[in-house]
**Student:** 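Can you read through this structure? Questions will come right after.
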Amino acid sequence: MGLSVSFSNRCGFISGKNRTLIRSLLKRVAASENRKIESLGYVFYTDDELLELNIAYLNHNTYTDIITFDLGDKKSKNILGEIYISRDRVKENATTFGVSFEDELIRVISHGLLHLMGYKDKSTKDASIMREQEERCLSLWREISSVSRETIIF
């Protein structure tokens, strides 16, 4: 099975070149743990749209930057899922944490894949491991994208 990573039609702020680079990042992250991406969809929403999804499916009445739905077979090494991201939250978190929009977006995109690979973030220990993995993904992103430093348009 080939790599299938799709982006919603609301992601015009990510250039075609950067979509290709993000796909490469995701494929390499999955392969680093002997996993393959069967199908992975990224959908970009507003805060309010993601809040509605959070209430409807997770019974959480809070804003969030990401919701990940694992649609795969737990026994399979193939990754199959949908990831919903609030562009508003990514922008606000980038400002709050003093990082670029691009770095925060890549962190959140990677975060969803990491959840599908089995990483958790509910306990302090798990969250620490998740942050280490996100940093690994950001480092890999910088390596991949340094060949062509086209900034993600926002």
Side-chain angles (χ1 to χ4, degrees), residues 3-30 35 37-74 78-142 144-145 149-154:
L3 170 71
S4 173
V5 178
S6 63
F7 296 92
S8 74
N9 61 356
R10 291 183 175 185
C11 67
F13 62 97
I14 304 174
S15 71
K17 182 183 270 184
N18 278 316
R19 289 181 204 190
T20 299
L21 292 172
I22 292 168
R23 286 182 181 102
S24 178
L25 167 70
L26 298 171
K27 182 178 181 180
R28 286 178 63 177
V29 169
R35 305 287 302 270
I37 296 173
E38 182 176 331
S39 180
L40 190 54
Y42 284 90
V43 181
F44 294 90
Y45 275 176
T46 65
D47 267 349
D48 291 336
E49 290 169 322
L50 201 59
L51 176 62
E52 286 179 26
L53 202 63
N54 210 8
I55 292 168
Y57 289 95
L58 302 176
N59 227 10
H60 299 156
N61 191 7
T62 57
Y63 287 114
T64 186
D65 54 356
I66 186 169
I67 297 175
T68 304
F69 292 104
D70 189 344
L71 305 175
D73 180 354
K74 299 290 183 208
N78 290 341
I79 297 167
L80 177 64
E82 290 182 355
I83 298 171
Y84 295 81
I85 295 173
S86 168
R87 187 172 159 192
D88 299 333
R89 252 341 70 212
V90 170
K91 181 181 176 188
E92 186 170 313
N93 287 345
T95 300
T96 299
F97 300 130
V99 299
S100 70
F101 175 78
E102 179 178 312
D103 278 359
E104 184 62 12
L105 180 63
I106 295 301
R107 185 192 69 75
V108 173
I109 286 172
S110 299
H111 184 92
L113 174 62
L114 291 167
H115 270 308
L116 294 173
M117 292 172 58
Y119 289 93
K120 310 257 185 261
D121 58 3
K122 295 297 180 201
S123 73
T124 303
K125 181 181 176 186
D126 287 345
S128 177
I129 293 168
M130 177 68 89
R131 296 298 163 255
E132 288 173 14
Q133 291 301 312
E134 290 171 358
E135 286 302 317
R136 180 177 68 95
C137 292
L138 277 169
S139 293
L140 186 55
W141 169 252
R142 290 182 187 112
I144 289 169
S145 65
R149 280 309 301 161
E150 178 183 328
T151 303
I152 293 177
I153 306 294
F154 177 68

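Values in this document were obtained by computation on a predicted structure and should not be read as measured data.
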**Student:** Using side-chain contact (heavy atoms from CB on, under 4.5 Å) as the criterion, point out the one residue from T68, V5, V29 that pairs with L113.
**Tutor:**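 That would be V29; it is the only one of T68, V5, V29 passing the side-chain contact (heavy atoms from CB on, under 4.5 Å) with L113.
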**Student:** Taking side chain to side chain donor-acceptor pair (under 3.5 Å) as the definition, give me every residue that meets it alongside R35, ordered by chain and number, with sequence neighbours left out.
**Tutor:**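 Result, side chain to side chain donor-acceptor pair (under 3.5 Å) vs R35: none returned.
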**Student:** Do you know which two heavy atoms are closest between C137 and L114, and how far apart they sit?
**Tutor:**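 Result for this residue pair: SG-CD1, 4.3 Å.
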**Student:** Go through Y63 and D48 one step at a time and tell me if the side-chain contact (heavy atoms from CB on, under 4.5 Å) criterion holds.
**Tutor:** CA-CA 8 Å; Y63 287 114; D48 291 336; 3.0 Å; yes
**Student:** List the atom of I79, the atom of A30, and the distance in Å for their closest heavy-atom pair.
**Tutor:**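 Where I79 meets A30 most closely, the heavy atoms are CD1-CB, 3.9 Å.
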**Student:** Among all residues two or more places apart in sequence or in another chain, which pass the ring-ring contact (aromatic ring centres under 6.0 Å, His included) test with Y84?
**Tutor:**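 Residues passing ring-ring contact (aromatic ring centres under 6.0 Å, His included) with Y84: Y45, F69.
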**Student:** With sequence neighbours left out, write down each residue that passes side-chain contact (heavy atoms from CB on, under 4.5 Å) with S100, or none if nothing qualifies.
**Tutor:**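 With neighbours one apart ignored, the set is E102, D103.
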**Student:** Testing the basics here: between E104 and V90, what is the closest heavy-atom pair and its distance to 0.1 Å?
**Tutor:**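 The pair with the smallest heavy-atom distance is CG-O, 3.5 Å.
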**Student:** Does one side chain, of N18 or S15, offer a donor that lies under 3.5 Å from an acceptor on the other?
**Tutor:**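 Looking only at side-chain atoms, S15 and N18 do form a donor-acceptor pair, the distance falling under 3.5 Å.
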**Student:** Scan residues 114-128 for pairs that pass salt bridge (charged side-chain N to carboxylate O under 4.0 Å, His left out), counting only residues two or more places apart or in two chains.
**Tutor:**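 Sorted result for residues 114-128: empty, none.
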**Student:** Measure across I22 and I14 and return the closest heavy-atom pair with its distance rounded to 0.1 Å.
**Tutor:**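 In this case the closest contact between I22 and I14 is CD1-CG2, 4.0 Å.
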**Student:** Residues in side chain to side chain donor-acceptor pair (under 3.5 Å) with S110, at least two apart?
**Tutor:**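 With neighbours one apart ignored, the set is empty.
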**Student:** Could you list the residues that satisfy side chain to side chain donor-acceptor pair (under 3.5 Å) with D73, not counting sequence neighbours?
**Tutor:**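 Checked D73 against side chain to side chain donor-acceptor pair (under 3.5 Å); zero matches.
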**Student:** Parallel, tilted or perpendicular for F44 and Y42, by the 30°/60° rule?
**Tutor:**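 Ring orientation, 0 to 90° scale: parallel.
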**Student:** Distance alone, cut at 3.5 Å: any donor-acceptor contact between the side chains of T95 and E92?
**Tutor:**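 T95 vs E92: no donor-acceptor pair found between side chains.
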**Student:** With a cut-off of 3.5 Å and sequence neighbours excluded, list every side-chain donor-acceptor pair involving residues 52-62.
**Tutor:**
unit_1	atom_1	unit_2	atom_2	d
N54	ND2	T62	O	2.9
H60	NE2	L58	O	3.3

**Student:** Under the rule for salt bridge (charged side-chain N to carboxylate O under 4.0 Å, His left out), what residues qualify as partners of E132, not counting sequence neighbours?
**Tutor:**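 Testing E132 for salt bridge (charged side-chain N to carboxylate O under 4.0 Å, His left out), a comparison that skips the adjacent residues, returns none.
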**Student:** Report the residues that fulfil salt bridge (charged side-chain N to carboxylate O under 4.0 Å, His left out) with R131, sequence neighbours left out, ordered by chain and then residue number.
**Tutor:**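 Once residues adjacent in sequence are excluded, the partners of R131 under the salt bridge (charged side-chain N to carboxylate O under 4.0 Å, His left out) criterion are E134.
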**Student:** Can you name the residues that form a side chain to side chain donor-acceptor pair (under 3.5 Å) with D47, not counting sequence neighbours?
**Tutor:**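 For D47 the side chain to side chain donor-acceptor pair (under 3.5 Å) partners, ignoring immediate neighbours, are S86, R89.
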**Student:** Taking only residues at least two apart or on different chains, which pairs with a member in residues 57-70 satisfy salt bridge (charged side-chain N to carboxylate O under 4.0 Å, His left out)?
**Tutor:**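 For residues 57-70: D65-R107, D70-K74.
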